[in-house]
*Asks:* 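My questions will all concern the structure given below.
Just so it is clear, the structure is predicted and the values come from calculations on it, not from any experiment. Each chain gets a letter, A, B and so on, in the order its sequence line appears, and its residues count up from 1.
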Protein chains: 2
Amino acid sequence: MVTSIVVADRRVRKTGAMDTKTTPIDANEPWMRELHADTGYLLYRLGLRSGQLFNSCLQESGLRLRHYAVLRFLATCEGALQRELSARLGYDPSAIVGLVDDLEKAGFAERRPSPDDRRSRIVVLTDPGRAFLRDIDEAGLRVTNELLDPLDPAERETLHALLLRIVQDGPT
Amino acid sequence: MVTSIVVADRRVRKTGAMDTKTTPIDANEPWMRELHADTGYLLYRLGLRSGQLFNSCLQESGLRLRHYAVLRFLATCEGALQRELSARLGYDPSAIVGLVDDLEKAGFAERRPSPDDRRSRIVVLTDPGRAFLRDIDEAGLRVTNELLDPLDPAERETLHALLLRIVQDGPT
DNA sequence: CGACAACTATTGACGTCACCAATTATTGCT
DNA sequence: AGCAATAATTGGTGACGTCAATAGTTGTCG
């Protein structure tokens, strides 16, 4: 059960963001502890918020979060089959088709025929794609900073290490 | 009414779909560290996985993750206006309508007229709803255990505390 | 060698979800 | 009384997940 979760009681006032009627949320209130008693559910909620923030960064580029995920993966592997993208990112193969179509149309990636297997296509990152990814990564850091605002650098480090441990098995 | 929740997920492991060419994933490899260098992106990815696992638990009940979120919130506040649900959960007001419709149809929640304001409806959890929520919570714990498998109890505790700190401002 | 199973990429269909605009009923303000 | 604001609702559009089906290709086995 939830035993001793000590939470710093700092109410961060966010410059006129939600000005409607929301009372400030305090994690020390009992209903709040009960609401987020489960870590998995907590991860789901935070992932949602993080994804929304990332998407708002990407919206002027015309691409979305899934494109960013593909680009990010391509930057690590110097060419990948579409079926690898599907398996590693957890997206349906049919979804990959559209995503790579969009990236190709934007000039950020290319499909090349595989020398081994004429069924497969190898998707590679182009130079403009690499440049774009660098820009977006920079914006991503700003998002992350905003999200992790309540945490000090040491805490962010431990959080990152823990999350990395969890993600290491299963789809990337 | 009783939901026998079986976490039989035929979803991910589809007859060794990944074992053709995928090497086992090791978080220590450089490409892996680079892929997950950003904590915000990492949160997004893990939130996705967590949400998928939760959804696979809920799929036989006919409800989905968003219904669970509403029920979970209702369990903490003894009745809420729909606009409160919208603000706190971050869902669009129009989405709340459908969700509460479904919950009412399933007998897990009720709309009651507000004595103060005849525009508002107060949504309350029913007894069957409370029972259902208990069952689901139990399944949720199994999901969380599966997800947090690489972490020992102390690490899970710190992770939970850190995530709780992050979630305390902004929409629940 | 030839029939056949398995696989890759692709397309199309169906339901869900997020986001926005518009509507109705009600309230508060002045 | 008049009028802006609000709560719930409806409808539309585009993105998204999942599944089924197809064409082209590969490997296997009789």
Side-chain angles (χ1 to χ4, degrees), chain A residues 19-22 44 48-49 51-56 58-59 62-70 80-87 89-104 109-123 171, chain B residues 9-12 14-22 44 47-49 51-56 58-59 62-70 79-104 109-123 171:
Chain A
D19 44 19
T20 43
K21 222 187 231 181
T22 51
Y44 156 68
L48 220 63
R49 262 171 65 183
Q52 286 169 350
L53 286 175
F54 264 88
N55 253 333
S56 66
L58 288 163
Q59 69 183 359
L63 301 181
R64 282 167 300 276
L65 195 46
R66 332 181 100 234
H67 301 98
Y68 173 69
V70 172
L81 305 179
Q82 295 185 204
R83 64 164 303 279
E84 290 179 320
L85 290 173
S86 169
L89 296 174
Y91 300 151
D92 195 81
S94 59
I96 300 290
V97 175
L99 292 175
V100 178
D101 280 350
D102 296 339
L103 292 178
E104 231 173 9
E110 279 180 7
R111 275 184 245 242
R112 294 179 188 168
S114 165
D116 312 326
D117 190 335
R118 292 201 307 193
R119 292 171 297 182
S120 305
R121 317 278 185 92
I122 299 183
V123 187
Chain B
D9 55 341
R10 308 166 280 109
R11 24 188 320 93
V12 187
K14 204 166 231 186
T15 63
M18 304 183 56
D19 47 20
T20 42
K21 241 183 209 181
T22 50
Y44 155 68
L48 220 62
R49 262 171 65 183
Q52 286 170 349
L53 286 176
F54 264 88
N55 255 333
S56 68
L58 288 163
Q59 69 183 358
L63 302 181
R64 282 167 297 278
L65 196 45
R66 331 181 101 235
H67 302 96
Y68 174 70
V70 172
L81 304 180
Q82 294 186 204
R83 66 162 305 280
E84 290 179 318
L85 291 173
S86 169
R88 285 273 168 78
L89 296 174
Y91 299 151
D92 195 83
S94 59
I96 301 290
V97 176
L99 292 176
V100 178
D101 281 350
D102 295 340
L103 292 178
E104 230 173 8
E110 280 180 9
R111 276 184 244 240
R112 293 180 189 167
S114 165
D116 312 325
D117 189 337
R118 291 201 307 189
R119 292 171 297 181
S120 305
R121 317 279 184 91
I122 299 182
V123 187

*Asks:* Can you identify which nucleotide, out of C:dA9, D:dT10, D:dA7, has its nearest atom closest to the A:L81 side chain?
*Replies:* C:dA9

*Asks:* Taking the ring of A:Y68 and the ring of A:F54, is the distance between their centroids below 6.0 Å?
*Replies:* yes

*Asks:* Rounded at 0.5 Å granularity, tell me how far CD1 in B:I96 sits from CG in B:D101.
*Replies:* 11.0 Å

*Asks:* Tell me: CG of A:L85 to P of C:dT8, nearest whole Å?
*Replies:* 13 Å

*Asks:* Output the rounded distance in Å from CZ (A:R83) to P (D:dT25).
*Replies:* 19 Å

*Asks:* So which nucleotide from C:dT16, C:dA9, D:dA8 ends up closest to the side chain of B:R121?
*Replies:* D:dA8

*Asks:* Quick one: what's the B/S/- string for nucleotides 20-30 of chain C, heavy-atom cutoff under 4.0 Å, read 5' to 3'?
*Replies:* B----BBS---

*Asks:* May I have the distance from B:L48 (atom CG) to D:dC16 (atom C1'), rounded to whole angstrom?
*Replies:* 11 Å

*Asks:* Of A:V123, A:L103, A:L65, which meets side chain to side chain contact (heavy atoms under 4.5 Å, CB included) against A:V70?
*Replies:* A:L103

*Asks:* For B:L65 and D:dC16, what is the distance between atoms CG and P respectively, to the nearest whole Å?
*Replies:* 18 Å

*Asks:* Quick one: B:I96 CD1 to C:dC19 C1', roughly how many Å, whole number?
*Replies:* 14 Å

*Asks:* Quickly work out the A:D102 CG to D:dG14 P distance and round it to whole Å.
*Replies:* 15 Å

*Asks:* Between CG of A:L89 and CG of B:L48, what distance do you get to the nearest 0.5 Å?
*Replies:* 10.0 Å

*Asks:* Look only at the side chain of B:Q82 and the backbone of B:R121, and say whether a donor-acceptor pair between them is shorter than 3.5 Å.
*Replies:* no

*Asks:* Can you find a side chain N or O atom of A:R64 that sits less than 4.0 Å from OP1 or OP2 on D:dG14?
*Replies:* no

*Asks:* Would you tell me if any nitrogen or oxygen in the side chain of A:R111 comes within less than 4.0 Å of OP1 or OP2 on C:dT8?
*Replies:* no

*Asks:* Given atom CD of A:E84 and atom P of C:dC7, what is their separation to the nearest angstrom?
*Replies:* 15 Å

*Asks:* Of B:A80 and A:L99, whose nearest nucleotide on DNA chain D comes first from the 5' end?
*Replies:* B:A80

*Asks:* What integer distance in Å separates A:D101:CG from C:dT11:P?
*Replies:* 7 Å

*Asks:* Among all residues two or more places apart in sequence or in another chain, which pass the side chain to side chain donor-acceptor pair (under 3.5 Å) test with A:D92?
*Replies:* A:S94

*Asks:* Taking the side chain as C-beta and beyond, is there a heavy-atom pair between A:R64 and A:L58 under 4.5 Å?
*Replies:* no

